[in-house]
Amino acid sequence: MSFFVYLLLIAVALFVAWCRRTYTYWKRHDIPYVKPLPLIGTLKDVFRMEKNVALHIADMYNYRSMEKEPVVGIYVLHQPALVIREPLLIKSVLIKEFYNFHDRYCRIDESVDRFGSLNLFFAKYEIWRDMRKKLAPTFTNGKLKLMFPLLTEIGDELEKYLLKKGDNFVAEIKAICGLFTTDAIASTGYGIQVGSFQNPYSEFASQNYNNHQNIPAHEHFVMFLLPKLSKHIRATMFRKKYDTFLRSCLKHVMDERIKSGQERNDLIDTLIRLVKEARANKEIRDKDLYIDAILAQGAVFIVAGYETSLSAIAFTLYQLAKYPDLQRKLRREIEKVLIAGKGEVSYDALKSMEYLEMVMRESLRLYPAVAFLERKHNARDQEFSLKPYHDFTIPNGMPIFISNYAIHRDPLYWPNPEVFDPERFSPQNKEGISPYAYLPFGLGPRSCMGGRLGLLISKVGVLYFLKNYKIRHCPQTVERMSFNPNMLTLECKDDINLEFIKDPLWK
């Protein structure tokens with residue numbers, strides 16, 4: 001045989017030996033695992049673009065014969081990783097042992113996308129801790145109450161927009177929800193009136209939408225599953241054009257606020273105060289980086305709030321149209337509130353709407369705002385053991401995944417999990433829900449800080465959609481919800497068309 005044939009045989013032998021060693025990691029440690037393929041591990045469906053990352057993690061959770069397992073071993077290419085299934089282990093990772101799991105596994109490189117890398121979602125622990133502490137007062141119950149009139153103003157615009165369409169019509173609701181959430185986020189966060197219902201193609205709305213749509217799936221895949229490659233493929237959360245737009249927008253709004261002297265106790269006021277403090281603080285070495293970290297929180301507020309609130313409203317309306325009895329019950333509750341308030345809805349009245357709360361909680365169970373969570377083990381105290389479930393200690397750097405989408409649909413915690421049933425969250429039933437099996441906004445210190453505002457926006461949106469109309473499925477309505485494989489979040493792949501029948505609850 002020729003020299004090159006010998007080299008090829010040696011290369012093949014080394015590759016086989018490497019595969020045997022690499023892909024027997026979980027077998028050697030006696031951890032139940034999903035059978036991998038050479039080189040791609042357990043990522044076959046993601047590589048084929050058949051499922052987004054969130055649904056892939058859910059599939060690993062639901063892998064055959066794993067129903068009673070506390071953890072599942074998987075391979076991200078050649079990297080061993082764990083999917084946590086046991087609620088008490090979820091509690092340990094997200095709360096009890098947070099100090100050893102305080103960083104996310106995902107990554108965006110600062111040199112490629114500063115706003116992306118420094119916002120609360122992606123930021124590493126030191127920046128995250130500082131920013132969260134400074135921003136937390138912006139989302140207190142008192143601040144949300146001050147924001148509420150701004151949301152009802154936008155609700156009034158939504159009401160007018162729908163009434164102009166007539167007494168009976170079919171509409172694609174994702175687009176309408178997008179107009180509502182764009183205005184809601186712009187008003188509550190930036191203090192500006194975008195007027196999307198009058199001008200759906202405004203720069204603010206179109207820039208936000210285009211950035212959301214134009215990030216390729218492979219960048220999502222890399223930043224969450226292969227973060228070490230993020231810099232090399234230049235994965236971003238904010239495209240350059242969108243980054244420039246947001247910086248310009250933030251500067252304009254902050255300058256105008258300072259010039260007017262007006263205070264609204266909103267996110268912009270918080271950002272102005274933090275920037276002033278940073279410029280005066282001589283202990284901060286890299287002021288440009290620190291100020292960018294502050295501004296990054298204003299940038300991500302738009303992206304995260306727009307997408308999650310839009311989906312929450314759209315999915316809720318889709319389910320209510322599917323179950324007319326539940327819709328009638330909710331509309332009766334809305335009617336009582338409107339009668340009591342003579343056509344107006346106050347913050348306290350909305351907070352008292354028990355059935356609306358139940359409906360939204362159930363919608364977020366089926367379609368959580370964040371469909372999977374990830375952490376990286378970084379022991380600062382001692383390495384984390386899976387005992388008493390398994391005699392295995394998680395090594396530093398190992399990625400940990402939690403599928404809240406899958407655990408929200410696990411029959412072990414939710415009877416008839418695929419059925420939309422708000423009664424699960426009734427006062428008499430909700431006490432029986434495991435707090436570690438319901439994670440619509442995450443859990444623990446790194447849970448979504450804006451979750452309460454997102455829920456408030458979603459409630460207002462649902463209320464104003466149903467104020468004057470009954471909604472129902474029609475021939476154009478998608479029969480089965482399927483999700484866009486190119487997105488990280490749960491976004492319906494198809495249009496959501498619903499029929500609107502005028503039936504005012506207040507005249």
Side-chain angles (χ1 to χ4, degrees), residues 22-23 25 34 36-61 73-83 101-125 127-128 210-243 296 299-300 303-304 307-308 370-378 396-405 442 446 483-491 493:
T22 298
Y23 296 116
Y25 180 90
V34 177
L37 293 172
L39 298 181
I40 65 172
T42 54
L43 299 176
K44 180 177 69 173
D45 289 343
V46 178
F47 270 106
R48 288 178 174 176
M49 300 295 294
E50 292 176 354
K51 290 184 178 175
N52 64 30
V53 176
L55 294 184
H56 166 71
I57 301 300
D59 283 348
M60 300 300 98
Y61 178 103
I74 63 172
Y75 294 89
V76 179
L77 299 189
H78 66 281
Q79 164 78 58
L82 273 177
V83 174
F101 294 93
H102 54 58
D103 269 337
R104 298 187 184 277
Y105 182 60
C106 60
R107 181 184 176 189
I108 292 177
D109 193 86
E110 179 193 309
S111 66
V112 177
D113 178 8
R114 265 202 175 186
F115 273 3
S117 68
L118 296 174
N119 68 72
L120 280 173
F121 189 89
F122 283 95
K124 295 309 175 187
Y125 178 66
I127 293 175
W128 167 83
N210 290 333
N211 184 76
H212 168 67
Q213 294 292 322
N214 290 338
I215 298 177
H218 74 271
E219 292 190 21
H220 290 152
F221 165 72
V222 166
M223 69 177 71
F224 277 88
L225 296 181
L226 303 172
K228 291 179 182 178
L229 299 180
S230 284
K231 181 177 181 179
H232 302 293
I233 72 148
R234 305 191 66 78
T236 63
M237 184 179 186
F238 300 95
R239 288 306 201 212
K240 287 293 183 185
K241 184 177 180 181
Y242 192 47
D243 179 284
V300 79
V303 175
E307 193 174 318
T308 56
V370 180
F372 76 103
L373 310 173
E374 34 69 50
R375 296 289 187 271
K376 181 173 71 172
H377 185 231
N378 185 20
N396 270 350
M398 177 169 280
I400 305 296
F401 296 99
I402 297 166
S403 177
N404 36 352
Y405 177 85
R446 286 202 82 145
F483 304 108
N484 193 336
N486 296 327
M487 297 297 171
L488 283 171
T489 54
L490 296 181
E491 180 181 289
K493 185 170 66 175

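We number each residue from 1, following the sequence as shown. Owing to the predicted nature of the structure, the values given are computational and were not obtained by experimental measurement.
- Salt-bridge formation is detected for the pair Arg239/Glu219: a Lys NZ or Arg NE/NH1/NH2 atom is positioned less than 4.0 Å from an Asp or Glu carboxylate oxygen.
- Contact of the Phe401 side chain with the Val53 side chain is not registered, since no non-hydrogen atoms from C-beta on lie closer than 4.5 Å.
- Rounded to the nearest 0.5 Å, atoms OG (Ser117) and CZ (Phe122) are 9.5 Å apart.
- Heavy-atom minimum distance, Pro399 versus Gln79: CD-NE2, 3.6 Å.
- Atom-to-atom distance recorded for Asp45:CG and Ile40:CD1 is 9.0 Å, nearest 0.5 angstrom.
- Without hydrogens or angle criteria, Asn52 side chain to Asn484 main chain gives a donor-acceptor distance under 3.5 Å.
- In this structure, CE on Met223 lies 13.5 Å from CZ on Arg104, to the nearest 0.5 angstrom.
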With side-chain contact (heavy atoms from CB on, under 4.5 Å) as the test, would you mind laying out the steps for Leu55 and Tyr405 before giving the verdict? CA-CA 8 Å; Leu55 294 184; Tyr405 177 85; 3.7 Å; yes
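- Crowding of Lys231 atom NZ: a count of heavy atoms from other residues, nucleotides or ligands under 6.0 Å not exceeding 12.
- Using bins of under 30°, 30° to 60° and over 60° for the plane-to-plane angle, the ring pair Phe101/His377 lands in the tilted bin.
- A donor-acceptor contact shorter than 3.5 Å is absent between the side chain of Arg107 and the backbone of Lys228.
- We find the CG-CE distance between Leu118 and Met237 to be 12.0 Å, quoted to the nearest 0.5 Å.
- Put simply, the side chain of Tyr25 never gets that close to the backbone of Gly73: no donor and acceptor are under 3.5 Å apart.
- Of all non-hydrogen atoms in Phe115 and Ala299, the two that sit nearest each other are CD2-CB, 3.6 Å.
- Contact between Thr236 and Ile108 at its shortest, heavy atoms only, is C-CD1, 4.3 Å.
- Asp243 and Asp113 make their closest contact through OD2-OD1, 4.4 Å (heavy atoms, listed as atom of the first residue, atom of the second, distance).
- Between the NE2 atom of His56 and the OG1 atom of Thr42 there is a distance of 4.5 Å, given to the nearest 0.5 Å.
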Please evaluate residues Asn404 and Leu373 with respect to the criterion side-chain contact (heavy atoms from CB on, under 4.5 Å), reporting the C-alpha separation (whole Å), side-chain torsions for both, the decisive distance (0.1 Å), and the verdict. CA-CA 7 Å; Asn404 36 352; Leu373 310 173; 4.3 Å; yes
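- Of the inter-residue distances, the one linking Met60 atom CE with Leu82 atom CG reads 13.5 Å to the nearest 0.5 angstrom.
- At least one side-chain heavy atom of Cys106 sits under 4.5 Å from a side-chain heavy atom of Glu374.
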Does the pair Phe221 and Leu226 meet the rule for a side-chain contact (heavy atoms from CB on, under 4.5 Å), with working shown? CA-CA 7 Å; Phe221 165 72; Leu226 303 172; 3.6 Å; yes
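- With hydrogens and angles ignored, the 3.5 Å screen pairs a side-chain donor or acceptor of Asp103 with a backbone N or O of Tyr125.
- Of all heavy-atom pairs spanning Asn119 and Phe238, the tightest one is ND2-CE1, 4.2 Å.
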Can Tyr23 and His78 be said to form a side-chain contact (heavy atoms from CB on, under 4.5 Å), step by step? CA-CA 7 Å; Tyr23 296 116; His78 66 281; 4.0 Å; yes
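- Tested against Val112, the residues Lys240, His232, Arg234 include a single side chain to side chain contact (heavy atoms under 4.5 Å, CB included) partner, Arg234.
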